[in-house]
2 protein chains.
Amino acid sequence: MCAAKKHATATRPGRIKLADVAAASGVHYSTVSRVLRPGSKGRISDVVAEHVRTVAQELGYQPNTIAASMRTKSTRSIGLIVHDMSDPVYPPILNAIEAVLSPEGFVVLVGNTGYDIEVEMNIINKMASRLVDGIFVATTRLEDPIVARCQDLGIPLVSVLRQTQTEETPAVVNDCLGGMQTLTRQVLTSGHRDIAVILAPQNLSTARERWWGIRHTLTEHGIVLPDHRIAFVERMSADEGLEATKALLTADDQLPDAIICVNDLVAIGAIRACREEGLKIPGDISISGYNDIPLVDMIDPPLTTVRMRLDKIGKAAGELMLAHLGSPKLPAQTIRIDAELVLRKSLQHLKR
Amino acid sequence: MCAAKKHATATRPGRIKLADVAAASGVHYSTVSRVLRPGSKGRISDVVAEHVRTVAQELGYQPNTIAASMRTKSTRSIGLIVHDMSDPVYPPILNAIEAVLSPEGFVVLVGNTGYDIEVEMNIINKMASRLVDGIFVATTRLEDPIVARCQDLGIPLVSVLRQTQTEETPAVVNDCLGGMQTLTRQVLTSGHRDIAVILAPQNLSTARERWWGIRHTLTEHGIVLPDHRIAFVERMSADEGLEATKALLTADDQLPDAIICVNDLVAIGAIRACREEGLKIPGDISISGYNDIPLVDMIDPPLTTVRMRLDKIGKAAGELMLAHLGSPKLPAQTIRIDAELVLRKSLQHLKR
DNA sequence: TTGTACGCGTTATCAC
DNA sequence: GTGATAACGCGTACAA
């Protein structure tokens with residue numbers, strides 16, 4: 001016992017290793033390894049197994065996962081790449097992914113790109129260096145060098161929320177097309193005809209699908225948006241939403257009936273802009289978002305939006321990753337999770 | 001060239017290793033190691049160094065961090081333990097921590113406890129198995145078995161947001177005592193005297209300090225809260241805030257002038273409860289929160305609260321961790337970051 | 001300045 | 001059923 005302890009402190013920081021518990025139980029350390037790892041080849045007599053287990057317990061043995069990874073080539077770690085964890089869409093996804101993977105012994109490494117593609121590439125390389133077993137990418141562009149890089153490196157990748165142009169990447173996304181169609185139909189049902197939109201860069205599948213959803217529905221009703229009713233934000237933030245809205249409001253003598261925003265944060269900016277201009281919502285103008293992030297039901301006015309089931313998306317992504325880790329040659333599939341319209345006060349029937 | 005490639009594919013997934021680039025550049029692999037790692041012992045002739053570097057580049061060599069960790073006993077990874085990443089206080093902290101540590105080559109492992117202390121202990125053990133260099137704990141209790149366990153394991157720990165009873169843990173916290181004193185003084189200045197509070201479990205330093213801040217300020221003004229003006233939540237959520245508020249509102253014939261809530265989420269619940277009861281805020285009753293989470297400036301009514309500089313807290317925590325990793329025997333210190341009162345409509349002067 | 005040789009803690013594959 | 005032993009890829013003291 002004293003011997004074991006002494007040996008332990010002889011190594012770096014008093015860490016117990018297989019050899020220590022082997023010495024203390026009087027068996028070879030390969031035997032200990034077999035006992036402690038379920039699913040090992042040779043069977044062990046119950047007596048020895050029990051003995052070894054208690055000794056390991058007593059000594060407080062913690063397996064060294066790093067050393068194991070060295071042999072097995074599997075680190076049981078996976079990366080998650082997001083632009084900015086403060087964006088409220090990401091945490092529920094992280095939680096759901098972790099809930100699925102953690103019981104399987106995985107750990108999640110988070111990488112924040114800060115919207116910088118160079119940073120993003122560095123993160124990928126860093127994660128590759130760390131031999132992650134797989135990577136979730138929530139920043140996917142339609143043509144994405146990051147995705148290409150992962151394929152080069154042979155790292156299994158699951159795209160979350162967004163999809164690539166070719167759809168050759170395993171992905172779990174929200175049905176933005178359907179969601180935005182439903183929303184737009186509701187806007188029309190409410191009597192609005194002079195509609196403005198705030199869109200995001202069309203190299204993102206989400207932004208593109210949402211725009212298509214709007215345009216398709218409007219076209220069905222014989223409406224074509226003039227250029228001055230279309231604004232773009234570079235990033236989907238409240239600040240840019242505010243700027244874009246101000247531009248829209250001054251683009252024509254007439255105010256639009258409604259502004260359909262690409263997401264909730266942009267809609268928040270739109271509401272701020274309208275307030276600054278002294279406009280009543282929904283009296284003077286209706287506004288809608290997308291995402292149903294926390295507290296948009298509490299703001300003034302409560303925001304009409306489309307709810308994405310982020311928990312479902314994260315869960316499906318986690319399961320998809322497990323499937324791909326299990327059978328590496330699984331064909332890519334895109335899983336679409338339904339969206340749901342959430343009607344609140346910011347969108348109301350036009351009274352004129 | 002063909003030889004190198006063949007060798008590479010002989011190992012697992014075509015991964016290039018030191019030996020491969022050594023073979024391709026005609027030097028020994030220890031030389032390659034020295035070239036590629038700045039701060040290695042022996043100096044290398046510039047010619048060789050340059051040559052090796054280009055060869056490594058061409059082959060797309062990615063160092064195997066796992067193997068390196070095996071030697072160096074340092075994984076350059078650190079854990080971050082939170083209850084639930086969806087709580088909006090955590091993401092800014094994660095971001096700031098990552099911003100500080102990432103340039104130093106660290107990666108952040110996130111662990112969600114789901115408010116379950118058993119899960120929490122498993123996470124610690126798992127992280128210990130992965131040889132994390134340090135752990136940030138944002139779930140600290142005044143007496144915390146997790147913290148004790150980390151000390152046993154010899155893992156450097158930095159407590160974030162909260163502190164232990166003895167203050168023997170390196171920690172970065174918000175000055176909740178000062179923040180709540182300032183807020184409470186403002187409540188009194190506004191003319192409120194019949195005050196109710198919603199508190200959280202007193203085994204958390206934040207909850208205790210906030211309560212002390214309230215009580216101390218009230219006592220200074222000769223006010224003692226009767227029991228029926230005090231409610232508790234088990235978790236600081238909107239749902240529990242709503243329940244607690246309903247209990248408070250029915251505890252006496254008279255309504256309180258104001259409800260001071262332990263944090264914003266609880267205050268959100270309080271606002272909902274008041275709405276359900278048909279009470280006007282701040283006309284009938286004033287409400288305050290703590291944290292200044294996103295969008296509480298946009299809700300109806302905008303919430304008076306105290307702003308914690310989560311970015312500053314995260315940054316300081318990251319730097320404190322680096323300091324402790326650099327000099328392991330650094331004495332524990334508690335860094336307090338100032339709080340700032342944010343006055344909004346939900347708290348108004350009493351008109352009677 | 002560069003090459004040699006060993007060890008980090010595990011797992012896998014031999015023998016026995 | 002158990003023991004011995006060879007990798008895994010890299011870092012580094014030491015030798016040359």
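Here is the naming used below: chain letters follow the sequence lines, and residue numbers restart at 1 for every chain. We use all heavy atoms of the structure for the numbers below, so side chains are in, but hydrogens, waters and symmetry mates are not.
- Using a 4.0 Å cutoff on non-hydrogen atoms, the parts of residues 63-71 of chain B near DNA chain D are B:N64, B:A67, B:A68, B:M70, B:R71, ordered by number.
- Phosphate proximity of C:dT2 to B:S45: present, with a side-chain N or O under 4.0 Å from OP1 or OP2.
- The NE2 atom of B:H51 lies 11.5 Å from the OG1 atom of B:T31; values are rounded to the nearest 0.5 Å.
- In the model, B:D311 has no side-chain atom that pairs as donor or acceptor with a side-chain atom of B:N95 under 3.5 Å.
- Side-chain contact of B:T169 with B:T164: a donor-acceptor pair under 3.5 Å is present, judged by distance alone.
- Within the 4.0 Å cut-off from OP1 or OP2 of C:dT11, not a single side-chain nitrogen or oxygen of A:K73 is found.
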Any N/O pairs under 3.5 Å between the protein and nucleotides 3-5 of chain D? List them or say none.
from: D:dG3; atom 1: OP2; to: A:H28; atom 2: N; distance (Å): 3.1
from: D:dG3; atom 1: OP2; to: A:T31; atom 2: OG1; distance (Å): 2.3
from: D:dG3; atom 1: N7; to: A:R34; atom 2: NH2; distance (Å): 2.7
from: D:dG3; atom 1: O6; to: A:R34; atom 2: NH1; distance (Å): 3.1

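- The two atoms that bring B:T140 and B:R162 nearest to each other are O-CD, 3.1 Å, heavy atoms only.
- Atom CZ of residue A:R130 and atom CG of residue B:N64 lie 11.0 Å apart, to the nearest 0.5 angstrom.
- No more than 12 heavy-atom neighbours from other residues, nucleotides or ligands sit within 6.0 angstrom of NZ on B:K315.
- The CG atom of A:D84 sits 12.5 Å away from atom OG1 of A:T139, with the distance rounded to the nearest 0.5 Å.
- Proximity of A:R15 to the phosphate of C:dG9: no side-chain N or O atom is located under 4.0 Å from OP1 or OP2.
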